[in-house]
Amino acid sequence: ETGVTQTPRHLVMGMTNKKSLKCEQHLGHNAMYWYKQSAKKPLELMFVYNFKEQTENNSVPSRFSPECPNSSHLFLHLHTLQPEDSALYLCASSQDTGQGSYEQYFGPGTRLTVT
Amino acid sequence: GQNIDQPTEMTATEGAIVQINCTYQTSGFNGLFWYQQHAGEAPTFLSYNVLDGLEEKGRFSSFLSRSKGYSYLLLKELQMKDSASYLCAVRDPRDDKIIFGKGTRLHILP
């Protein structure tokens, strides 16, 4: 247990569906992140939130829409996805995003399959 | 551009020592991380280097040479549970983003 939880753990959705991924951290951190992990590719940073404000949108298609209502919760809203969006989606949190050894604590991930 | 290179796979024997190398070419540098990721699980933090030299933490040590754009993770007294992927990641000072390498899958043989 890293103090970061994600639901659901597995999700299968059609290309016309709308779904949301949820992340919650119990560590009192100020920063939260969404990453995408595909087979044989490095972890790709998607979004960064610091103190509920989005500080990074790493050229992610608009079919992915993040929401951060408070420092403990992060959502990723999905709509009209493509099969190539099938991947493991990891949420992470860290104390801050500034300089320093602010290691990130990762959740267990949501395994998403788009059919 | 940003580029982080590490071997795709390595194999070592239980009880032995293994060194996983990482080289990076980035426009700037503000710290290097190593993470461990077991199959089907989330990455977990192992080490952080921002100055040159060796950081030791139990069976694991991490080394950094900023002038060479080079780091390694050293694992001693290997155990079967060390079978995992090891991710090297560099922080970009322009925006504090952390950029990950593809990871090295380490197989431990009995």
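The chains referred to below are lettered A, B, ... by the order of the sequence lines, with proteins before strands, and numbering in each begins at 1.
- Per-residue counts of heavy-atom pairs under 4.5 Å with chain A were compared for B/Pro43, B/Gly31, B/Gly40, B/Ala42; the largest is that of B/Pro43.
- In this structure, CZ on A/Phe106 lies 8.0 Å from CD on B/Gln37, to the nearest 0.5 angstrom.
- Under the 4.5 Å side-chain contact rule for hydrophobic residues, B/Leu32 and B/Phe100 do not share a cluster.
- Residue B/Glu77 places its CD atom among 12 or fewer non-hydrogen atoms of other residues, nucleotides or ligands, all under 6.0 Å distant.
- Looking at A/Tyr35, only its side chain comes within 4.5 Å of chain B, counting heavy atoms on both sides.
- Residue B/Met80 is grouped with residue B/Leu46 when hydrophobic side chains (ILVMFWY) are merged at heavy-atom distances under 4.5 angstrom, including chains of intermediate members.
- Side-chain heavy atoms closer than 4.5 Å link hydrophobic residues (I, L, V, M, F, W, Y) into clusters, and following such links, possibly through other members, connects B/Phe60 to B/Val18.
- Side-chain contact check for A/Pro42 versus B/Leu87: every heavy-atom pair is 4.5 Å or farther apart.
- With a 6.0 Å radius and a threshold of 12 heavy atoms from other residues, nucleotides or ligands, A/Tyr105 has its OH atom at or below the threshold.
- Side-chain N or O atoms of B/Tyr35 include one that pairs as donor or acceptor with a backbone N or O of A/Gln104 at under 3.5 Å.
- Separation of atoms CD (A/Glu103) and OH (B/Tyr48) is listed at 10.0 Å; rounding is to 0.5 Å.
- With a 4.5 angstrom heavy-atom cutoff, B/Ile98 touches chain A via backbone and side-chain atoms both.
- Clustering ILVMFWY residues whenever any of their side-chain heavy atoms sit less than 4.5 angstrom apart, transitively, puts B/Leu78 in a cluster other than the one holding B/Phe63.
- A/Leu27 and A/Phe75 end up in different hydrophobic clusters when Ile, Leu, Val, Met, Phe, Trp and Tyr side chains are linked at under 4.5 Å.
- Between chain B and the options A/Lys41, A/Gln37, A/Arg111, heavy-atom pairs under 4.5 Å are most frequent for A/Gln37.
- Residues of residues 101-110 of chain B lying under 4.5 angstrom from chain A, judged on non-hydrogen atoms, are B/Gly101, B/Lys102 in numerical order.
- Looking at A/Leu43, both its backbone and its side chain come within 4.5 Å of chain B, counting heavy atoms on both sides.
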